[in-house]
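Remember, it's 1-based here, ligands and their atoms both numbered in the order they're listed. Here, residue 1 is the first one in the sequence, and each next residue gets the next number.
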Amino acid sequence: MRKINEECGIFGIISPEPIQAAGLTASALLALQHRGQEGAGIATFYTDDTLICHKNVGLVNDIFGDFLRHVPSTNVAVGHVRYSTTGNNTVENTQPIETVHSQLTCALAHNGNITNAAKLRSEMVNQGGKVFHTTNDSEIINMLLIEQMICCRNIEKAVLNVMNILEGAFSLVIATPEKLIAARDKCGFRPLCMGKLGSATVFASESCALDCIGAEFVRDVQPGELISIDRFGKEKNMRQKDLSCRGLCVFEMIYIARSDSFIDGMSVYESRLTMGRALYRQKPIEADIVCGVPDSGLDAALGYSLESGIPYAPAFVKNRYMGRSFIEPSQKMRERTVNVKLNPLRAQIEGKRIVLVDDSIVRGTTSARMLAPLRQMGAKEIHLRISSPPFKHPCYFGTDIDSVENLIANHLSVEEICKKIGADSLEYLDLNNLVAIGKEKGVKFCSGCFTGEYPIPVVGSGKHTFDDV
Ligand code: SF4
């Protein structure tokens with residue numbers, strides 16, 4: 001089924017004492033698996049500062065078994081789960097990216113999308129004679145880091161200089177034999193938080209990864225901030241000067257992040273409840289049950305139920321054994337196998353007026369295929385409620401949204417979409433209701449894929465604005 005795809009997840013840990021840094025990183029990556037299922041990697045340093053990195057395509061559980069049995073206790077490690085929004089899905093493109101250079105030995109993990117990557121790469125190849133081994137953005141960051149280390153010979157200054165050169169979305173963790181550095185782009189597109197595990201410091205894309213290893217949440221890394229922790233636990237902070245832009249990806253709150261995470265002071269779960277409540281208030285309707293599309297529509301459905309007083313009930317049984325990498329080789333196969341993943345619960349839906357809540361509509365084909373069996377099994381009415389505004393524009397910052405011509409809302413009205421997918425009524429969440437969730441916590445969202453207006457200029461868009469609608 002064509003859905004919006006998540007992007008990458010990153011994690012880093014540094015401790016004054018040798019600990020099971022690689023094992024803890026693997027556990028944290030499991031908690032971040034929803035952000036990328038194409039590949040994963042862990043890098044750490046032996047006591048003689050030798051960098052070792054184990055990575056492969058596939059899921060966390062399938063990659064690290066042997067590695068974790070043999071890797072010793074170490075002081076620092078970084079890890080990455082990958083969903084490829086740039087570059088092919090090959091082992092070479094998995095992260096962390098390693099650098100062993102006379103000026104810098106490090107391992108780097110990156111979440112986001114660098115919008116000036118093509119320009120930087122061509123400058124480095126044509127003017128600097130550089131040779132790239134991968135097709136992903138992260139190697140460009142490593143090359144820039146080496147250049148900056150040659151100039152300033154100070155890792156924090158080098159990272160800050162690189163942050164000033166890069167444009168777009170990046171949350172980074174960088175491990176050297178002596179330090180762990182976390183950095184977040186000046187708009188704060190992608191989340192990154194800091195925690196403590198005894199005397200160790202950890203950084204993760206989402207706070208659910210801290211919970212799963214027993215670490216305590218300390219704070220979010222601020223947009224444009226760099227935090228460096230050395231082996232003795234000493235912390236150093238730096239901040240970019242230009243902080244005029246703000247734009248946490250609102251789709252993190254709608255779909256990408258796990259419900260049990262907190263991002264920039266906001267509970268993802270509570271935000272989704274609020275979205276569901278707002279959906280009911282926007283267009284109240286009478287119905288017998290409220291259902292969510294597993295898994296991403298469930299929290300908003302609960303919010304809708306709480307606000308409306310309409311009972312919450314499951315409408316589908318989800319097959320837990322398919323995994324995310326289920327391959328659907330052809331359109332015909334996709335149509336035949338739609339019920340393999342989600343099968344309607346006839347006993348629940350027969351003869352009922354249903355409010356069905358989902359997070360998004362991309363091409364409309366998935367929604368249509370989901371609604372048809374509900375009808376066949378006797379649903380009396382189906383009112384589809386979407387906890388995001390209509391997708392109309394591309395994302396340049398690391399979320400894999402379908403090409404514009406495939407986005408159904410780009411060329412059909414809400415009424416036309418409703419008819420096409422076979423719903424009795426269709427309502428999208430109003431953007432103002434999303435913006436209000438951020439405003440309450442002083443957070444500005446990027447909502448470019450809904451409005452076409454992005455927090456920073458992007459090639460070809462010619463638009464540059466914030467989300468304060
Ligand atoms: S354009 Fe959409 S998906 Fe991309 S960062 Fe902005 S809100 Fe997120």
| query | Would Asn410 and Glu405 count as having a side-chain donor-acceptor pair, cut-off 3.5 Å? | reply | no
| Is the centre of the Tyr396 ring less than 6.0 Å from the centre of the Phe189 ring? | no
| query | Under 6.0 Å between ring centres, would you say that holds for Phe203 and Phe11? | reply | no
| Ser387 and Asp359: side chain donor to acceptor below 3.5 Å | no
| said: To check your reading of the model: name the closest protein heavy atom to atom 4 (Fe) of ligand 1, its residue, and the distance in Å. | reply: Cys395 SG, 2.2 Å
| said: Show me which atoms of ligand 1 lie under 4.0 Å from any heavy atom of Arg190. | reply: 5 (S)
| Is atom 8 (Fe) of ligand 1 under 2.8 Å from any N, O or S atom of Cys446? | no
| field | Atom indices of ligand 1 within 4.0 angstrom of Cys249 heavy atoms, with elements | value | 3 (S), 5 (S), 7 (S), 8 (Fe)
| request: Take atom NZ of Lys196 as the centre, draw a 6.0 Å sphere, and report whether it contains more than 12 heavy atoms from other residues, nucleotides or ligands. | output: yes
| request: Using 2.8 Å as a strict upper limit, say whether an N, O or S atom of His393 approaches atom 2 (Fe) of ligand 1 that closely. | output: no
| message | Closer than 2.8 Å to atom 4 (Fe) of ligand 1: does that hold for any N, O or S atom in Cys449? | response | no
| Under a heavy-atom criterion of less than 4.0 Å, does Met253 contact ligand 1? | no
| Could you walk me through whether Asn56 and Thr94 pass the side-chain contact (heavy atoms from CB on, under 4.5 Å) check? | CA-CA 7 Å; Asn56 210 338; Thr94 52; over 6 Å; no
